[in-house]
Amino acid sequence: MKLCPKCSRSPLPFVMVLLISTVLAFITWLVLGLSQVEPTARLAAAAAVFLAVGGTLLHYVISCLKRHCRHDQKHQRVHGHTFSRPA
């Protein structure tokens with residue numbers, strides 16, 4: 001995970017990943033509480049949802065930050081053409 005210092009300074013995308021995955025894991029835990037599932041299985045399912053959603057969103061956020069980073073780059077390659085960024 002190599003992000004430039006300016007992109008990795010903002011914690012907001014990572015806080016959003018944590019918030020979304022926590023809410024979905026909590027909803028999973030609540031819904032499984034309505035059925036006859038053991039508490040251990042409920043906790044395991046909620047943890048699995050947290051890890052799956054969190055991992056997927058974290059991968060998405062990091063790839064978007066890498067793709068859209070324009071810090072410290074003089075030239076951008078877009079569709080085989082080199083464009084200079086204005087100062």
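Residue numbers run from 1 in the order of the sequence given.
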Review item, side-chain donor-acceptor pairs of residues 48-57, under 3.5 Å, at least two apart:
| unit_1 | atom_1 | unit_2 | atom_2 | d |
| --- | --- | --- | --- | --- |
| Thr56 | OG1 | Ala52 | O | 2.8 |

Practice task
Supply the atom-to-atom distance Tyr60 OH to Leu65 CG, rounded to the nearest 0.5 angstrom.
Solution key: 10.5 Å

Handout entry: Spacing of CD1 belonging to Ile20 relative to CG belonging to Leu58, to within rounding of 0.5 Å
Key = 12.0 Å

Show me the side-chain donor-acceptor pairs of residues 21-34 shorter than 3.5 Å, one per line, residues at least two apart or across chains.
| unit_1 | atom_1 | unit_2 | atom_2 | d |
| --- | --- | --- | --- | --- |
| Ser21 | OG | Val17 | O | 2.8 |
| Ser21 | OG | Leu18 | O | 3.2 |
| Thr22 | OG1 | Leu18 | O | 2.6 |
| Thr28 | OG1 | Leu24 | O | 2.8 |

Exercise for the section: Answer yes or no: is there a side-chain heavy-atom contact under 4.5 Å between Cys64 and Arg67? Expected result: yes

